Amino acid sequence: MTSAPAQRPAACVLGAVPGTGFEGQRIGIVDLDSAGQKIGRIDLAEADLPEFVRDREDGAGGDPCEPGGARPRWVLSDTAKWCPPLLAAGVSLERCHDLRLAHAILARSELVTAPEAVRAASEWDAAPADAAAPEQAAALFDVDAGRGFIPQVPHDLEAALAEYARQTAAIETAGDPGRLRLLLAAESAGGLVAAEMRAAGVPWDEAEHDRILTELLGPRPIRDGKPQKMLAKAEEVREALEDPRVNLDSPNRLLASLRNAGINVASTSKWELQTSEHPAIAPLLEYKKMARLLSANGWHWLDEWVDDGRYRPVYVPGGVVTGRWAASGGGALQIPRQLRPALRADEGWRLVSADVAQLEPRALAAMSGDRAMAEAGFGKDLYSGLVDAGVVATRQEAKIAVLGAMYGSTTGEAGALVPRLRQNFPAAMHLVDSAAEAGRQGGVVSTWLGRTSPPPGEGWQRLQRAANRFDATGADEQRARRAAGDQGRFTRNFVVQGTAAEWALAWLADLRLRLARLPEIEATSEATASGPVFSRRAHLVFFLHDEVIVHAPTEQAEDAAEAIRAAAASAGRLLFGDAPVDFPLDLSIGERAIKD
DNA sequence: TCTGGTTGCGCG
DNA sequence: AAAGCGCGCAACCAGA
């Protein structure tokens, strides 16, 4: 082991050092200065890593914005792999560069002028490690039932150094390095937040969850039977259909039974059933709602995902091509509103919930520089703003028009309303219309910070070629047109959804640092379920596209709320400078996270 | 009995 | 069978 570096490193690259005998896995750390030059190298036992990182984080002190006093940026193969053991040992990283997440962005970004070297390092093109099965994720290749091999990225030091050098070179020669750096920093911070939220868990009131299930479905059945209220509701439906044996869980048989009862529907989906007045419909819709609750978030889900008063879903940062997060297991992105009351703060703590009203149209107004659209939403509900500005007659119309513009609606009510937006907000509409045109042509588009859409696949290209052949049939042309339209709606939405996701990541990243600067409180007995890093301070527990929930000691709740607001303002400035767009929050503090 | 594809619905 | 984007998941179902 070498001595501490003479100067503070700007970055510390972490990685495993190949087998050295009996002392177990060893970890190497290479210190880099701000120019990327090596200024130190340290080796230590894996067990000593948390202590080492803690020293670097605590010892640095000072203002992180100030180069001399900054803590290092930790360069890691994969946040989902390195963070959990550190968090378990009570150590968190202030900043990192996640090589896997960064690689995915850089290999595709239009801003990167020389992507070849990054793309050639295909061992970094990896599906995210499955955090739900960490022991399997350690293997180089996973055999995953049905999905084949899932390659994992390399975790050794030499590979990390080489990849970091490739990425740094790609960023430096990029068209707009500042934007890319911002994007990669935000993406990596998201990786830290995801690992930390999983470690902390959402405080979950199992008794309240059980009470809700019992109230709506009846008491928990013995074994895997259906609860009593559900059985009764099913009986009601069968009587109304005069079909005592029909299986309501089988769409095919249910559809046949509905037809026999004279109900003329093409499917058993909710929206279509709603158009019928038959007495079987109301109880059937209720039954479907009950069945959904039972299978998606019933007692079985509770047993599997909630433990020790904490719900710990698996988040997948960067899991959606637009940059949104995905989830893998636990259904973190689909917690039904019915169960919101089950999110409950610990004794002596509060939940601070906040969401951004109309995030996507605001992101569109900001990135397109559409002053009229920005003004319509400034300081108020954007949809009502459109009504006030005389663009549409009602708030509902405004919503349909705006969603239609972002999703590419061409028919129905939305199709009729979108032209009014085109007239009133030409800059915003030009941006999404151009993105759609690029997609129809088979091209790619990029978000505000430079995340680029995936090009259409080989199948898509084949369809277009087939339609251009001299012997193409009408059906060929129709298929190709249809596929081109689909791709156009995808790229249209990509720039908006992706830029909104960037704003949300910047919000999250800034909020995380603000919360980490709040003082620690006296330990309370209950919150220890949040783990050593989070049991004495306000911390993030939930994030869903445009919404955050912070679990905060009661005496810190107001400070946490202020941090959420300040982070939102800061994210807007960071991405869009002085553009006259604001991102107003609906914020509430309470024992439970109730919305509406 | 296993499995890939489809349906339906929850979230933004 | 949504018009109009992005997801995950459970259940059913047809074919192996």
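Each chain gets a letter, A, B and so on, in the order its sequence line appears, and its residues count up from 1. In this text the structure is predicted, and so the values were computed from the model without any measurement.
One N or O on the side chain of A:T499 and one on the backbone of A:W448 form a donor-acceptor pair closer than 3.5 Å. Distance alone, capped at 3.5 Å, is enough to place a donor-acceptor pair between the A:Y311 side chain and the A:G330 backbone. Distance alone, capped at 3.5 Å, places no donor-acceptor pair between the A:T275 side chain and the A:W271 backbone.
A:S384 and A:D381 share a donor-acceptor pair across their side chains, judged by distance under 3.5 Å alone.
Positionally, the nearest nucleotide of DNA chain C for A:I400 lies more toward the 5' end than for the other of A:I400 and A:G331. Comparing A:E304 and A:L403 by the nucleotide of DNA chain C that holds the closest heavy atom to each, the one mapping nearer the 5' end is A:L403.
The side chain of A:K288 places an N or O atom within less than 4.0 Å of a non-bridging phosphate oxygen (OP1 or OP2) of B:dC9. An OP1 or OP2 oxygen of C:dC5 is reached within less than 4.0 angstrom by a side-chain nitrogen or oxygen of A:R489. A close approach under 4.0 Å does not occur between any side-chain nitrogen or oxygen of A:R340 and OP1 or OP2 of B:dC11. In this model, the phosphate group of B:dT7 is not approached by any side-chain N or O of A:S269 to a distance below 4.0 Å at OP1 or OP2. Here A:T268 reaches the OP1 or OP2 of B:dG8: one of its side-chain N or O atoms lies under 4.0 Å away. In this model, the phosphate group of B:dG10 is approached by a side-chain N or O of A:K270 to a distance below 4.0 Å at OP1 or OP2.
Atom-to-atom, NZ of A:K289 to C1' of B:dG10 comes out at 9 Å; the value is rounded to the nearest Å. To the nearest angstrom, C1' of B:dT6 lies 16 Å from CZ of A:R253. Protein atom CD1 of A:I335 is 11 Å distant from nucleotide atom P of B:dG12, rounded to whole Å. A:N493 has its CG atom 8 Å from the P atom of C:dC5, to the nearest Å. The interatomic distance linking A:K399 (NZ) with C:dC5 (P) rounds to 17 Å, in whole Å. The CZ atom of A:F490 sits 6 Å away from the P atom of C:dG6 (whole-angstrom rounding). A straight line from CG of A:L364 to C1' of C:dG4 spans 15 Å, rounded to a whole angstrom.
Donor-acceptor pairing under 3.5 Å, judged by distance alone, is absent between the side chain of A:Q497 and the base of C:dG6.
Minimum atom distance to the side chain of A:R324 is reached by C:dG6, of the listed C:dC13, C:dG6, C:dA3. You'll find that the side chain of A:S267 is closest to B:dG8, out of B:dG8, B:dG12, C:dC5. The side chain of A:L544 approaches B:dG12 more closely than any other nucleotide in the set B:dG12, C:dG6, C:dC13. Each of C:dA10, B:dC11, C:dG6 was ranked by its minimum atom distance to the side chain of A:P336; first place goes to B:dC11. Of all nucleotides listed (C:dC5, C:dA1, C:dC13), C:dA1 comes nearest to the side chain of A:A266.
Using a 4.0 Å heavy-atom cutoff across all strands shown, A:A296 reaches no nucleic acid atom at all. Among the atoms of the strands shown, only primed sugar atoms or phosphate atoms (P, OP1, OP2) are found under 4.0 Å from some heavy atom of A:S295. Looking at heavy-atom distances under 4.0 Å, A:R292 makes contact with a base. Among the atoms of the strands shown, only primed sugar atoms or phosphate atoms (P, OP1, OP2) are found under 4.0 Å from some heavy atom of A:G330. Using a 4.0 Å heavy-atom distance criterion, A:G408 is classed as a sugar-phosphate-only contact.
Annotation: side chain of A:L273 is in contact with side chain of A:K288 (closest heavy-atom distance under 4.5 Å).
Figure legend. C:dG4 is base-paired to no nucleotide; pairs are counted as Watson-Crick or G-U wobble with both atom distances under 3.5 Å.
Taking the six-membered ring where tryptophan is involved, the planes of A:W301 and A:H209 are tilted, since the angle between them lies from 30° to 60°. Using bins of under 30°, 30° to 60° and over 60° for the plane-to-plane angle, the ring pair A:F490/A:F494 lands in the perpendicular bin.
Across B:dT6 and C:dA1, the matching P atoms stand 12 Å from one another, rounded to whole Å.
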